[in-house]
There are 2 protein chains.
Amino acid sequence: MSSSPLEFLARRLSQRAPLSEDDVAAVSSLPHTVRIVHAATYLVREGEPPKPYCALVISGMAFRHKLTVLGARQIVSLHLRGDILDLQHLFLNIADHSVQALTELDVAEIDREALREVALARPAIGQALWIEGLVDASIYREWVLNVGRRDARARIAHILCEIAIRMHAAEIIEAERFQLPMTQEQLGDATGLTSVHVNRTMKALAADGLIEQAGRWISIRDWNGIRREGDFNPLYLHLDQVAPHFGRPLSALFSRRG
Amino acid sequence: MSSSPLEFLARRLSQRAPLSEDDVAAVSSLPHTVRIVHAATYLVREGEPPKPYCALVISGMAFRHKLTVLGARQIVSLHLRGDILDLQHLFLNIADHSVQALTELDVAEIDREALREVALARPAIGQALWIEGLVDASIYREWVLNVGRRDARARIAHILCEIAIRMHAAEIIEAERFQLPMTQEQLGDATGLTSVHVNRTMKALAADGLIEQAGRWISIRDWNGIRREGDFNPLYLHLDQVAPHFGRPLSALFSRRG
DNA sequence: CGCTTCTTTGAAACGTCTCAATAGAAGTGG
DNA sequence: CCACTTCTATTGAGACGTTTCAAAGAAGCG
């Protein structure tokens, strides 16, 4: 977590577009507060105007969701260290979905107006933020495909791949083993399945030697296998633009569809 | 279609953010070509770098889609007059999905580099384009919910509501009757269903007096009914920011969940 | 250590898909 | 303008994947 939250943000943005010293200074001087958020806390509520600040995740995991009239929940994305949670509402007047902490979260709450300001006034920062937003949108598209056209086994395999590779790209995990802070019900809400079927499907993946479960820890035993099962092609994550440092063993496995 | 394509674009953008005269002039002088595109033509292809121009739809309909390894197709969004088709790739190096003409299309191909330029250099234009992009993202989220958590009947009803209201907001239709240029297979690809089941479901909606089909023409017989069946809440379209002129009879029906 | 939350399992019900075949509409070339 | 071909819509019957309901175990937490 080296240094300050805003230096962290500046570093992240400069991976997406080259920032000048002035740009870095502008990012570094954004008004902000660091805060700890308990698991399950709402950061954004559907139907309300966005808060006057945007939360940058420093550690922990969060998710976006929407509800059906009948109360069915669909998780529409997951977020990790480095993600800006309210970017999706930066220029919108009313929140169209809710954002909730999945785990306890360290966040930096950045003044919304100031962020809008730099996004529009500073081209390099603007471009970096555009890339953030466009990659989020790309992930939504992949999720529409995942939930619309893949069966349960593929959906689960796909989301496990996405989480693993994004955690890896965010430098949260080193190896194939990671802690998944989601219940099977949440996993179901993210994949359009019931928790019961998530359970059966994961058991099946484990029985086939693709993954191994030990409590909340998940190990991928067979990367090529799970990637194939999940029809996972990381193109949609645009890692070349988002994590240029990403050149570790895993990336080789994921670099092309096989 | 009054006036030139770029005046049309300038008018649209100024509905999203107030443009100065200079801004309007900058939009109006964007290098562009007007072109007719045949139905089914690819405008963007997954895996390729985006074209050197961005297509603005002047008339007709287009859609984005992604494919499974097994060849299953998922349509992830629909686009009408006024939509900028390549905005989703404006700052990305490789296309993560394909865009295809649904009908014959009139488009204005705007120079991509010039559009990036104004998006970053001119705050008001930048903000207007941000809103475009964020609303697209909001629609993707709603589609994840639609496909993940609603049954066939609700999915179909929902997409019909979305199309009707967006056509209305884009001033393509006046009333409750509109021509849907989609086959039932395409409707299935947009809702994660098979064409067979789309057929049965639409027959059922018609039998229940909610819609009426006559060839490719669809009439909504019972707005409140279909809106309820489709769990349709137009909040996610952010019409207040996108179509402020939108104050016709239909909007009353859709203004709040009932 | 007791209480809540989460996981696991079984059996039956149900929604959607698959396969298959027919009918209708639309487009094409002679 | 008709015959031909090719899409598109329609319908039926059976198969299949996923959900529902219910109940028991296991794990996590104060």
Side-chain angles (χ1 to χ4, degrees), chain A residues 38-40 68 70-75 100-104 146-160 179-208 211-218 229 231, chain B residues 38-40 68 70-75 100-104 146-160 179-208 211-218 229 231:
Chain A
H38 293 301
T68 274
L70 301 176
R73 180 174 69 167
Q74 178 70 44
I75 293 178
Q100 219 177 340
L102 189 57
T103 63
E104 181 169 287
N146 199 39
V147 154
R149 285 298 187 212
R150 296 200 182 104
D151 65 15
R153 191 178 169 90
R155 287 187 212 177
I156 296 291
H158 190 279
I159 201 174
L160 292 178
Q179 192 159 21
L180 186 66
M182 297 175 76
T183 65
Q184 294 182 347
E185 182 164 15
Q186 290 166 336
L187 226 31
D189 286 344
T191 50
L193 300 168
T194 56
S195 61
V196 171
H197 205 58
V198 168
N199 182 280
R200 293 196 235 265
T201 305
M202 291 195 57
K203 287 266 153 197
L205 290 174
D208 294 346
I211 62 173
E212 198 174 309
Q213 302 183 77
R216 285 286 167 87
W217 286 91
I218 297 212
E229 291 286 346
D231 183 21
Chain B
H38 294 300
T68 273
L70 301 176
R73 181 174 69 166
Q74 178 69 45
I75 293 178
Q100 219 176 339
L102 188 57
T103 63
E104 181 170 287
N146 200 37
V147 152
R149 286 297 187 213
R150 296 200 183 105
D151 65 16
R153 190 177 168 91
R155 287 186 212 178
I156 297 291
H158 189 280
I159 201 173
L160 292 178
Q179 192 158 24
L180 186 66
M182 296 176 76
T183 64
Q184 295 183 345
E185 181 164 16
Q186 290 165 336
L187 226 31
D189 286 345
T191 48
L193 300 167
T194 56
S195 62
V196 171
H197 204 59
V198 169
N199 183 281
R200 292 197 236 264
T201 305
M202 291 194 58
K203 287 267 153 198
L205 290 175
D208 294 346
I211 62 173
E212 198 174 310
Q213 301 182 76
R216 284 286 167 86
W217 287 91
I218 298 214
E229 291 285 346
D231 184 21

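Residue numbers begin at 1 in each chain, while the letters A, B, ... track the order of the sequences. These values consider heavy atoms only, across backbone and side chains, with no hydrogens, waters or symmetry-generated copies.
To the nearest angstrom, P of D:dT8 lies 13 Å from CG of B:Leu187. Rounded to whole Å, atom P of D:dG17 lies 17 Å from atom NE2 of B:His197. Regarding A:Ile218, its CD1 atom lies at a distance of 14 Å from the C1' atom of C:dC6, rounded to whole Å. Rounded to whole angstrom, the span from the CD atom of A:Gln186 across to the P atom of C:dC6 amounts to 7 Å. Between A:Gln213 atom CD and D:dA27 atom P there is a gap of 12 Å when expressed in whole angstrom units. In this entry the distance linking CE of A:Met182 with C1' of C:dT7 reads 15 Å, nearest Å. D:dT20 atom C1' lies 14 Å from atom CD of A:Glu185, rounded to whole Å. The interatomic distance linking A:Met202 (CE) with C:dT9 (P) rounds to 13 Å, in whole Å.
Contact annotation for A:Arg153: no contact, since no heavy-atom pair falls under 4.0 Å across all strands. Counting any heavy atom pair closer than 4.0 Å across all strands shown, A:Arg155 reaches no nucleic acid atom.
Nearer the 5' end of DNA chain C, as judged by each residue's closest nucleotide, is the contact made by A:Ser195, out of B:Val198 and A:Ser195. Nearer the 5' end of DNA chain D, as judged by each residue's closest nucleotide, is the contact made by A:Gly192, out of A:Gly215 and A:Gly192.
To the nearest 0.5 angstrom, A:Asp208 atom CG is 7.0 Å from A:Glu229 atom CD. Rounded to the nearest 0.5 angstrom, A:Thr201 OG1 and A:Leu187 CG are separated by 9.5 Å.
Taking a 6.0 Å sphere around CD of A:Glu185, one finds it holds 12 or fewer heavy atoms contributed by other residues, nucleotides or ligands.
Checking D:dT19, D:dT11, D:dA9 against every side-chain atom of A:Thr194, the shortest atom distance belongs to D:dT19. Comparing C:dC17, D:dA9, D:dT20 against the side chain of B:Arg200 picks out C:dC17 as the nearest. Relative to the side chain of B:Val196, the nucleotides C:dC6, D:dA9, C:dT18 differ in distance, and C:dT18 lies closest.
With salt bridges taken as basic N to acidic carboxylate O contacts below 4.0 Å, none links A:Arg149 and A:Asp231.
Using a distance-only test at 3.5 Å, with no hydrogens or angles considered, a donor-acceptor pair links the side chain of A:Arg155 to the main chain of A:Arg150.
Taking side-chain N and O atoms only, A:Asn199 has a distance below 4.0 Å to OP1 or OP2 of C:dT8.
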